[in-house]
Amino acid sequence: MIAYLILLLAIVGRVVPHTVNLTAVGGSLLFFGARRSRWQAGIAMVALAATDFYLTRFAYGYPFHMQDYLVTWAWYAGVCLLGNGLLSRNASALRVGAAVFTSATSFFLISNFVVWIGMGSGLYPHSAAGLLECYTVALPFYGNDLVSTGIIAGALFGLPVLGRKLADAMHRHGNDSAAV
């Protein structure tokens, strides 16, 4: 149930107007994938796809073309599957860190390559210099995505571990005090 609530909060975070370019999508998808079965990744993908439709048509007022989002939707599913495969049984700090880096970096590389080849934009010349410019312009967004994915995933996977450790420490301290 908590995975669905986290997904809903990520969607709300995309829809509600905000000035800081931080998003909970990557971390939420990693958590959703780790806590739900593989077939349920489709639920997350459909929910985020519906959000993309809403934002494009109604928040931004642009025409919606499904082909412009296919790569993004595949990325949503891929990150859920990454969470399922890497984090569902053993969400160590190293694994969470690797998943955060992989999800943010893959989105940066894939989405900007798609922008460069012109799907939906045609903003950059089809040359090595154009590709470099496309990635360079997107570096601040990559940094924000890496930070926000790290914060969200770190909190979602780390806070329960911290809570268990604190509870164990309090339990041990209580037993030590009772023995005196």
Side-chain angles (χ1 to χ4, degrees), residues 6-7 9-34 38 41-87 94-157:
I6 298 300
L7 179 65
L9 291 173
I11 289 168
V12 169
R14 289 183 70 206
V15 174
V16 172
H18 52 281
T19 56
V20 180
N21 189 21
L22 297 175
T23 176
V25 173
S28 299
L29 287 172
L30 288 170
F31 186 77
F32 190 90
R38 287 181 181 227
I43 295 169
M45 194 178 86
V46 168
L48 288 167
T51 307
D52 289 334
F53 175 79
Y54 168 79
L55 288 170
T56 302
R57 289 284 295 131
F58 302 107
Y60 308 136
Y62 296 126
F64 182 82
H65 304 289
M66 188 174 358
Q67 68 272 15
D68 294 342
Y69 290 90
L70 295 177
V71 171
T72 301
W73 297 344
W75 180 83
Y76 294 156
V79 174
C80 274
L81 294 175
L82 175 66
N84 185 271
L86 190 63
L87 303 173
L94 180 62
R95 286 173 174 250
V96 171
V100 165
F101 179 77
T102 301
S103 70
T105 302
S106 64
F107 186 75
F108 171 74
L109 293 173
I110 293 167
S111 64
N112 287 293
F113 184 77
V114 169
V115 167
W116 175 71
I117 62 174
M119 291 182 71
S121 69
L123 294 173
Y124 301 98
H126 291 159
S127 63
L131 181 60
L132 181 61
E133 180 186 4
C134 182
Y135 282 117
T136 302
V137 168
L139 280 173
F141 298 100
Y142 171 61
N144 289 345
D145 189 31
L146 193 58
V147 167
S148 59
T149 301
I151 289 170
I152 297 299
L156 292 173
F157 290 102

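Note that the coordinates shown come from a computational prediction; the quantities given were computed from them, not determined experimentally.
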To check you understand the geometry: which heavy-atom pair defines the closest contact between [X] and [Y], and what is its length?
X	Y	result
Y124	G130	CB-O, 3.8 Å
V100	A153	CG2-CB, 3.6 Å
F58	F53	CE1-CE2, 3.9 Å
C134	V115	SG-CG1, 4.0 Å

For [X], check side chain to side chain contact (heavy atoms under 4.5 Å, CB included) against everything at least two apart and list the hits.
X	result
V12	L8, V16
A44	L7, L29, F32, C80
S127	P125, A129
I43	Y4, W39, Q40

Reported [atom1]-to-[atom2] distance for the pair [X] and [Y], which is rounded to 0.5 angstrom:
X	Y	atom1	atom2	answer
I11	I6	CD1	CD1	12.0 Å
L81	L86	CG	CG	12.0 Å
L82	L87	CG	CG	6.5 Å
F64	L55	CZ	CG	10.5 Å
Y54	Y60	OH	OH	10.0 Å

Pairs satisfying side chain to side chain donor-acceptor pair (under 3.5 Å), at least one member in residues 97-110, at least two apart
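Every pair satisfying side chain to side chain donor-acceptor pair (under 3.5 Å) with a residue in residues 97-110: W75-S106, T105-Y142.
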Does any pair with a residue in residues 94-115 pass salt bridge (charged side-chain N to carboxylate O under 4.0 Å, His left out), and if so which ones, sequence neighbours excluded?
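Found none.
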Residues that [X] engages under side-chain hydrogen bond (donor to acceptor under 3.5 Å, both in side chains), provided they are two or more places apart:
X	value
D52	R14, W73, Y76
R38	N84
Y135	none
T149	D145

ring-ring contact (aromatic ring centres under 6.0 Å, His included) with H126: which residues, sequence neighbours excluded?
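H126: ring-ring contact (aromatic ring centres under 6.0 Å, His included) contacts with W116.
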Partner set under ring-ring contact (aromatic ring centres under 6.0 Å, His included) for F101, not counting sequence neighbours:
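For F101 there are no ring-ring contact (aromatic ring centres under 6.0 Å, His included) partners, ignoring immediate neighbours.
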Hey, is CZ on F141 packed in by over 12 heavy atoms from elsewhere, all under 6.0 Å?
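No, not enclosed.
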Could you check if a side-chain atom of I152 sits within less than 4.5 angstrom of a side-chain atom of S28, using non-hydrogen atoms only?
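Yes, side chains in contact.
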Do F107 and V25 come within less than 4.5 Å of each other through their side chains, counting heavy atoms only?
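No. Closest side-chain heavy atoms not under 4.5 Å.
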